[in-house]
Number of protein chains: 2
Amino acid sequence: MNKKVYKIHSEICKTLSNPVRLEVINLLRNKKRSVGELVNLTKISQSTISQHLTILRQKNLVLTKRKGKNIYYSLAYPEMIKACDIMRNILFKQLKKNEKLVQKIRRGK
Amino acid sequence: MNKKVYKIHSEICKTLSNPVRLEVINLLRNKKRSVGELVNLTKISQSTISQHLTILRQKNLVLTKRKGKNIYYSLAYPEMIKACDIMRNILFKQLKKNEKLVQKIRRGK
DNA sequence: TAGAATATCCGAATATTTAAATATTTTGGT
DNA sequence: ACCAAAATATTTAAATATTCGGATATTCTA
């Protein structure tokens, strides 16, 4: 595999490696949402949300469509959700393992 | 979804958002590999490879097992590869779209 | 216990994140 | 067509984080 592929791949991952952007992506899972909706749903500042949407747009991970006063964002590649879900499952497995470890240590005392 | 989940998820993605670590993960796709093997296969400095392996270990994304003089690394969650492959497919789709765009612009001239 | 394999420390260069302030864009009413 | 207001985007700068390889340290085996 060409090194350039890893570089580009890493940039996609970097785009996903921010909690705000992951929350936004998750909110776009099956619905288009306007910027204002995303601000309300996340309770994150308009400026911050807009900046993160800009990043997602620049990386071509979201699409935009104006409807009246609002601009609606949606996922450019809905299969992105699958990748996120796999990672979330791994995350949950890790948490469970930690729980078990904590319990073992407790019992060991 | 709890904000903490997005935070942890973002840390997994951050761990993946480096070309060296992605190359290592890809090399571990179906084989255990020693540090030296990874250095030789990637042509990346021993120091750098080791630092990235440390990060992968800290995030519990790889497992280690000593065999003689070598320490062999393997994937803790082989399904991680699926997530990577989905992202790589998205990446390829994006590249194809760009190619097509370039051709359109060329024809338009 | 020497030497091979791997890990850590360091510091300079670079990148990311945030919200306030400000700018831009577009609508909807007249 | 024009204007006020709503919606969204951009700029800025300080705080923080990441990355790299050389130098060095540690660990383990034979």
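Just so we're on the same page: letters track the sequence lines, and every chain starts at 1. Small disclaimer: the values here were computed from a predicted structure and weren't measured.
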J.: Show every salt bridge (charged side-chain N to carboxylate O under 4.0 Å, His left out) that has at least one partner inside residues 93-103 of chain A, sequence neighbours left out.
T.: A:Lys93-B:Glu79
J.: Round to the nearest Å and state the distance from B:Leu53 atom CG to D:dG21 atom P.
T.: 14 Å
J.: Among residues at least two apart in sequence or on other chains, which ones pass salt bridge (charged side-chain N to carboxylate O under 4.0 Å, His left out) with B:Lys3?
T.: A:Glu23
J.: So if I take the C1' atoms of five pairs at each end of the helix from C:dT1-D:dA30 to C:dT30-D:dA1 and get each local axis, what angle do the two axes make, rounded to 10 degrees?
T.: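 Taking five pairs per end, the axes differ by 40°.
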J.: Side chains of A:Thr15 and A:Glu11: donor-acceptor distance under 3.5 Å anywhere?
T.: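 Note: A:Thr15 and A:Glu11 side chains miss the donor-acceptor criterion.
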J.: Tell me whether B:Ser50 contacts the main-chain N or O of B:Gln46 through its side chain, where contact means a donor paired with an acceptor under 3.5 Å.
T.: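 Not at all, since once roles are kept as given, no pair shorter than 3.5 Å links the two residues.
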J.: If we only count heavy atoms from C-beta on, is the B:Leu61 to B:Arg21 side-chain gap below 4.5 Å?
T.: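 No, too far: nothing below the 4.5 Å cut-off.
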J.: Output one line per pair: protein atom, nucleotide atom from nucleotides 16-19 of chain C, and distance, for all N/O pairs under 3.5 Å.
T.:
unit_1	atom_1	unit_2	atom_2	d
C:dT17	OP1	A:Asn18	ND2	3.3
C:dT17	OP2	A:Arg21	NH1	3.4
C:dT18	OP2	A:His52	NE2	2.5
C:dA19	OP2	A:Ser45	OG	3.3
C:dA19	OP2	A:Thr48	OG1	2.3
C:dA19	N7	A:Ser47	OG	3.2
C:dA19	N7	A:Gln51	NE2	3.2
C:dA19	N6	A:Gln51	OE1	3.2
C:dA19	N6	A:Gln51	NE2	3.0

J.: Hey, can you pull the residues of residues 28-41 of chain B with a non-hydrogen atom under 4.0 angstrom from DNA chain D?
T.: none
J.: So, is A:Asn70 near the phosphate of D:dA6, with a side-chain N or O under 4.0 Å from OP1 or OP2?
T.: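 Answer is no, no contact under 4.0 Å.
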J.: Distance check needed: D:dA30 P versus B:Lys67 NZ, whole Å only.
T.: 13 Å
J.: Could you list the residues that satisfy side chain to side chain contact (heavy atoms under 4.5 Å, CB included) with A:Asn70, not counting sequence neighbours?
T.: A:Ser34, A:Tyr72
J.: Quick one: are B:Val5 and A:Leu91 in side-chain contact, heavy atoms under 4.5 Å?
T.: yes
J.: Figure out the NZ/P separation between A:Lys7 and C:dT14, and round it to whole Å.
T.: 13 Å
J.: Dump the intermediate steps for side chain to side chain contact (heavy atoms under 4.5 Å, CB included) on B:Ile71 and B:Leu53, then the final yes or no.
T.: CA-CA 11 Å; B:Ile71 296 175; B:Leu53 287 172; over 6 Å; no
J.: Quick one: salt bridge (charged side-chain N to carboxylate O under 4.0 Å, His left out) partners of B:Arg88, sequence neighbours excluded?
T.: B:Asp85
J.: Nearest 0.5 Å, what's the CE-CZ distance between B:Met80 and B:Arg29?
T.: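 Here the rounded value is 12.5 Å.
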J.: Got a second to check how far B:Ile49's CD1 is from B:Ile44's CD1, nearest 0.5 Å?
T.: 4.5 Å
J.: Could you check how far CD of B:Gln58 sits from C1' of C:dA7, rounded to whole Å?
T.: 11 Å
J.: Please identify each residue that fulfils side chain to side chain contact (heavy atoms under 4.5 Å, CB included) with A:Asn30, with sequence neighbours left out.
T.: none
J.: Going 5' to 3' along nucleotides 22-27 of chain C, which nucleotides have protein heavy atoms under 4.0 Å from the base (write B), which only from the sugar-phosphate (write S), and which from neither (write -)?
T.: ----SS
J.: Name the one of A:Lys65, A:Lys32, A:Lys31 that satisfies side-chain contact (heavy atoms from CB on, under 4.5 Å) with A:Ser74?
T.: A:Lys32
J.: Using atom OH of A:Tyr72 as one end and atom C1' of D:dA6 as the other, report the distance to the nearest whole Å.
T.: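 For the pair A:Tyr72 OH and D:dA6 C1', the rounded distance is 13 Å.
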J.: B:Arg33 versus B:Leu28: any side-chain heavy-atom pair under 4.5 Å?
T.: yes
J.: Between the protein and nucleotides 11-13 of chain C, list the N/O to N/O atom pairs that are separated by less than 3.5 angstrom.
T.:
none

J.: A:Ser50 side chain N/O closer than 4.0 Å to the phosphate oxygens (OP1, OP2) of D:dA7?
T.: no
J.: Looking at residues at least two apart in the chain, or sitting in another chain, which of them share a salt bridge (charged side-chain N to carboxylate O under 4.0 Å, His left out) with A:Lys82?
T.: none
J.: Restricting to salt bridge (charged side-chain N to carboxylate O under 4.0 Å, His left out), what partner residues turn up for B:Glu37, sequence neighbours left out?
T.: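 Per chain and number, B:Glu37 pairs via salt bridge (charged side-chain N to carboxylate O under 4.0 Å, His left out) with no residue.
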